[in-house]
Peer 1: 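Before I ask anything, let me first share the structure, which is written out below as C-alpha cells.
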Amino acid sequence: MINDAVPQQEARWVVLIEAETCPGYQDHRWQLAATHAVSEGGRAAADELAQKLAMEYVPRKLNVSVGKGDTAARKVFRVTDGSWLVEVRGFDQERSLCRITIAELVHEQRYVHAPYEPEPEPRVATAPSRKRRLWGRT
C-alpha cells in the first residue's frame, strides 16, 4: 500500500464485496457485487463493517433458496491479508462464495461528455449525364 497516495484526512475507505461468477470450476472468477462506503471512522470502521458483512451478507443468487426468516449456513474465513472469504449455503445446499475486502479509494473520476461539434454536411454526388446499365454499358 502506498502511504502517501491520498492525504489521511481525505482518505475514503470502501468495503468491496466480490461474488463468485462461475461456481464449481477450478479457477474462481469474481465480479464486484456491492460496495459500501465508510463515511466516518477510517480504516478501523471499515474493518468493523467488513466483519459485520462477512457474518450477515447473503449473495443475491441465494436469496431465492433462503426463505424469509431463515438463516443461511455460512463459514467465514479471515485471510492473512485482512480480507474475508465467506461460504454461504441455502436450503438446497447450493454453495456460494464471496470475498469481502477493505480498500482505500485513491482516485475517482466522473464521466464527462466531449464538447458538441456538429458533423459536416454530407457531400451530394452529382448524377452522371447518361444512365448506365449493368457492366457500365449505355
Peer 1: Roughly how far, to the nearest 0.5 Å, is CD of Q51 from CD1 of I102?
Peer 2: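 Going from the CD1 atom of I102 to the CD atom of Q51 covers 9.5 Å.
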Peer 1: State, to 0.1 Å, how close V38 and A45 come at their nearest heavy-atom pair, and which atoms those are.
Peer 2: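 That would be CG1-CB, 3.7 Å.
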Peer 1: Tell me, please, which residues at least two apart from R74 pass salt bridge (charged side-chain N to carboxylate O under 4.0 Å, His left out).
Peer 2: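 Not a single residue meets the salt bridge (charged side-chain N to carboxylate O under 4.0 Å, His left out) criterion with R74.
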Peer 1: Run the side-chain contact (heavy atoms from CB on, under 4.5 Å) test on W30 and L97 for me, step by step, so that the C-alpha distance in whole Å, both residues' side-chain angles and the decisive distance to 0.1 Å come before the verdict.
Peer 2: CA-CA 9 Å; W30 303 93; L97 292 176; 4.0 Å; yes
Peer 1: Looking only at non-hydrogen atoms, find the nearest pair between A19 and A33 and report the distance.
Peer 2: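 Scanning both residues completely, I find the closest heavy atoms to be CB-CB, 4.0 Å.
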Peer 1: Go through W84 and R78 one step at a time and tell me if the side-chain contact (heavy atoms from CB on, under 4.5 Å) criterion holds.
Peer 2: CA-CA 5 Å; W84 301 83; R78 175 84 182 212; 2.8 Å; yes
Peer 1: Given Y57 and V86, is the side-chain contact (heavy atoms from CB on, under 4.5 Å) satisfied, shown in steps?
Peer 2: CA-CA 9 Å; Y57 179 75; V86 182; over 6 Å; no
Peer 1: CG/L16 to CG/L32 distance, rounded to the nearest 0.5 angstrom?
Peer 2: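 Answer for the CG-CG pair, L16 versus L32, is 6.0 Å.
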Peer 1: List for me each residue that meets side chain to side chain donor-acceptor pair (under 3.5 Å) alongside E108, sequence neighbours excluded, and say none if there are none.
Peer 2: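 So E108 forms a side chain to side chain donor-acceptor pair (under 3.5 Å) with R12.
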Peer 1: What pairs with T101 under side chain to side chain donor-acceptor pair (under 3.5 Å), at least two apart in sequence or on another chain?
Peer 2: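 In terms of side chain to side chain donor-acceptor pair (under 3.5 Å), with neighbours along the sequence ignored, T101 is linked to no residue.
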Peer 1: Taking side chain as C-beta onward, heavy atoms only, is E87 less than 4.5 Å from R89?
Peer 2: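 Yes, their side chains come closer than 4.5 Å.
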Peer 1: What's the separation between atom CG in L49 and atom NE2 in H36, rounded to the nearest 0.5 Å?
Peer 2: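 Nearest 0.5 Å value for the CG-NE2 distance: 6.5 Å.
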Peer 1: Please name the pair of heavy atoms, one in L105 and one in V14, separated by the smallest distance, quoted to 0.1 Å.
Peer 2: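 Looks like CB-CG2, 4.2 Å.
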